[in-house]
Visitor: 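Next up is a structure, given as structure tokens.
This is a predicted model, so every value here is computed, not measured. We count ligands from 1, going down the list as the structure has it; atoms in each ligand are counted the same way. The residues of the chain are indexed from 1 along the displayed sequence.
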Amino acid sequence: MKGLVFTEFMEMVEDVWSLDMVDAIILESKVASAGSYTSVGTYPHEEMVALVVALSKETQTPVPDLVRAFGNHLFGRFALAYPRFFEGIHDSFAFLSGIENIIHAEVRKLYPDADLPTFEVEASPSRLTLTYFSEHPFADLAHGLIEGCMKYFGETATLQRDTAPDSQGAQARFILVR
Ligand code: HEM
């Protein structure tokens, strides 16, 4: 997993809780990199899982809630860091329907070692279905990123999620209806 996801996660922990909390979860999770992440580095996704589990323990907050909140936060950070992905796009359906063939395709060019999920997209003016497939259990992250995107564009559609029961969070379907 790209280091920028880790650096953004640590910043969120510092902003929402404290620097002491950052230190506490690094100790608690015993991550091999000892928390020294750089945005251009690449680290095992298991370290992200271990950090979130430690944060869950320290804050008594369920892991899925934390990962989803992080997704919301991360979308706002992406919007600041990658303004060119937003040029000429004024609506969440337009943005999200390009997640696979435009956004993550560009991300792959920037970071050839990025380990990105796959989204199948079915779009109509009133309904958008995004089906998430990954090697990693980050459906909650996808959920939060979609919510962050909807907030960013002021989208009023409803969002429904169906998680494949035995996928451990590595597959899910998100349906937006206007
Ligand atoms: C400007 C917008 C976006 C940018 C720049 C971006 C970029 C990235 C990057 C750099 C990663 C890390 C890849 C790695 O770990 O090696 C990532 C992962 C991910 N992205 Fe995006 N992304 C964007 C929007 C979204 C949106 C809107 C969604 C949801 C529909 C999404 C879903 C995910 C998920 C779930 C992962 C975690 C990896 C996994 O599940 O296997 N991203 N993205």
Visitor: Check each atom of ligand 1 against the heavy atoms of I146 and keep those under 4.0 Å away; list them by number with element.
Guide: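 Matching atoms, with element in brackets: 29 (C), 30 (C).
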Visitor: Of the protein's non-hydrogen atoms, which lies at the shortest distance from atom 34 (C) of ligand 1, and what is that distance?
Guide: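 Of every protein heavy atom, P117 CG, 3.7 Å lies nearest to atom 34 (C) of ligand 1.
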Visitor: Which ligand 1 atoms are under 4.0 Å away from a heavy-atom of A142?
Guide: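 Taking each heavy atom of A142 in turn, ligand 1 has 29 (C), 35 (C) under 4.0 Å.
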Visitor: Find all atoms of ligand 1 within a distance of less than 4.0 Å from any non-hydrogen atom belonging to M1, and give their numbers and elements.
Guide: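 Matching atoms, with element in brackets: 14 (C), 15 (O), 16 (O).
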Visitor: To check you understand the geometry: which heavy-atom pair defines the closest contact between P112 and K109, and what is its length?
Guide: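 Nearest pair, atom of P112 first, then K109: CD-O, 4.0 Å.
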Visitor: For atom 24 (C) of ligand 1, which protein heavy atom lies nearest, and how many Å away is it?
Guide: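 I find the closest protein heavy atom is I99 CD1, 3.7 Å.
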Visitor: Might you point out which heavy atoms bring S97 and L128 nearest each other, and give the distance in Å?
Guide: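 Closest pair (atom of S97, atom of L128, distance): CB-CD1, 4.0 Å.
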Visitor: Just to confirm my output: which protein heavy-atom neighbour is closest to atom 6 (C) of ligand 1, and how far is it?
Guide: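 So the nearest neighbour among protein heavy atoms is F78 CE1, 3.3 Å.
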Visitor: Check whether any heavy atom of F95 sits under 4.0 Å from an atom of ligand 1.
Guide: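 Judged by the 4.0 Å heavy-atom criterion, F95 does count as contacting ligand 1.
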Visitor: Only heavy atoms of L96, strictly under 4.0 Å: list the atoms of ligand 1 that pass.
Guide: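 Numbered from 1, ligand 1 contributes 27 (C).
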Visitor: Tell me whether Y132 contacts the main-chain N or O of F138 through its side chain, where contact means a donor paired with an acceptor under 3.5 Å.
Guide: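 Judged by distance alone, yes, a pair lies under 3.5 Å.
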Visitor: Return the CZ to CD distance between R127 and Q160, rounded to the nearest 0.5 Å.
Guide: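 Here the interatomic distance stands at 7.5 Å.
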Visitor: Nearest non-hydrogen atom to atom 41 (O) of ligand 1 belongs to which of A114, S39, S134, G98?
Guide: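 Result: the heavy atom closest to atom 41 (O) of ligand 1 is in S134.
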Visitor: Starting from atom 32 (C) of ligand 1, which protein heavy atom do you reach first, and at what distance in Å?
Guide: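 Checked against all protein heavy atoms, atom 32 (C) of ligand 1 sits closest to L145 CD1, 3.3 Å.
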Visitor: Quick one: which of E106, H104, E100 has a heavy atom closest to atom 21 (Fe) of ligand 1?
Guide: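 Comparing heavy atoms across E106, H104, E100, the nearest one to atom 21 (Fe) of ligand 1 lies in H104.
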Visitor: Which option wins on minimum heavy-atom distance to atom 10 (C) of ligand 1: L110, D140, V107?
Guide: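 Nearest option to atom 10 (C) of ligand 1, by heavy atoms: V107.
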Visitor: Return the closest protein heavy atom for atom 18 (C) of ligand 1 as residue, atom name and distance.
Guide: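 Of every protein heavy atom, L116 CD2, 3.9 Å lies nearest to atom 18 (C) of ligand 1.
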Visitor: Of the protein's non-hydrogen atoms, which lies at the shortest distance from atom 35 (C) of ligand 1, and what is that distance?
Guide: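 Protein heavy atom with the smallest distance to atom 35 (C) of ligand 1: Y132 CE1, 3.6 Å.
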Visitor: Does a sphere of radius 6.0 Å around CZ in R161 hold more than 12 heavy atoms from other residues, nucleotides or ligands, not counting ones at 6.0 Å or beyond?
Guide: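 Atom CZ in R161 is packed in, count exceeds 12.
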Visitor: What's the verdict on salt bridge (charged side-chain N to carboxylate O under 4.0 Å, His left out) for E120 and R173, showing C-alpha distance, side-chain angles and the deciding distance?
Guide: CA-CA 9 Å; E120 272 176 22; R173 177 167 292 132; 5.7 Å; no
Visitor: Considering both backbone and side-chain atoms of D115, is one of its nitrogen or oxygen atoms within less than 3.5 Å of a nitrogen or oxygen in ligand 1?
Guide: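 Yes: some nitrogen or oxygen of D115 is under 3.5 Å from one in ligand 1.
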Visitor: Any luck finding a side-chain donor-acceptor pair between E155 and S92 under 3.5 Å?
Guide: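 Yes.
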Visitor: Taking atom types as modelled and ignoring hydrogens, do the side chains of S33 and E47 form a donor-acceptor contact shorter than 3.5 angstrom?
Guide: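 Yes, a side-chain donor-acceptor pair sits under 3.5 Å.
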Visitor: Quick one: which of F75, F78, Y82 gives a ring pair (Phe, Tyr, Trp, His ring centres under 6.0 Å) with F95?
Guide: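 Between F95 and the candidates, ring pair (Phe, Tyr, Trp, His ring centres under 6.0 Å) is satisfied uniquely by F75.
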Visitor: Please compare Y82, F86, Y111, F138 and report which has the shortest non-hydrogen distance to atom 5 (C) of ligand 1.
Guide: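 Considering heavy atoms of Y82, F86, Y111, F138, the nearest to atom 5 (C) of ligand 1 sits in Y82.
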Visitor: I want to know if ligand 1 touches D113 in the polar sense, i.e. an N/O pair below 3.5 angstrom.
Guide: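 No; every N/O pair is 3.5 Å or more apart.
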Visitor: Taking the six-membered ring for Trp, are F153 and H90 closer than 6.0 Å centroid to centroid?
Guide: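 Between H90 and F153, which both carry aromatic rings, the centre distance is not below 6.0 Å.
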Visitor: Geometry only, no angles: is K2 polar-contacting ligand 1 at N/O separations under 3.5 Å?
Guide: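 Yes: some nitrogen or oxygen of K2 is under 3.5 Å from one in ligand 1.
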Visitor: Report the relative orientation of the aromatic rings in F6 and Y43; use parallel for angles under 30°, tilted for 30 to 60°, perpendicular for over 60°.
Guide: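 Perpendicular, since the angle between the ring planes exceeds 60°.
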Visitor: I'd like to check which ligand 1 atoms, numbered from 1 as shown, lie under 4.0 Å from a non-hydrogen atom of F119.
Guide: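 Counting from 1, the qualifying ligand atoms are 29 (C), 30 (C), 32 (C).
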Visitor: Please list the nearest protein heavy atom to atom 37 (C) of ligand 1 with its residue and the distance rounded to 0.1 Å.
Guide: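 Ranking protein heavy atoms by distance from atom 37 (C) of ligand 1, first comes L141 CD2, 3.7 Å.
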Visitor: What protein heavy atom sits nearest atom 12 (C) of ligand 1, and how far off is it?
Guide: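 Minimum-distance protein heavy atom for atom 12 (C) of ligand 1 reads V5 CG2, 3.7 Å.
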Visitor: Judged by atom type as modelled, is there a donor-acceptor pair below 3.5 Å linking the side chain of T38 to the main-chain atoms of G41?
Guide: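 Yes, because the side chain of T38 sits within donor-acceptor range (under 3.5 Å) of the backbone of G41.
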Visitor: Using a strict cut-off of less than 4.0 Å between a Lys/Arg side-chain nitrogen and an Asp/Glu carboxylate oxygen, indicate whether D115 and R108 qualify as a salt bridge.
Guide: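 No, no charged N to carboxylate O under 4.0 Å.
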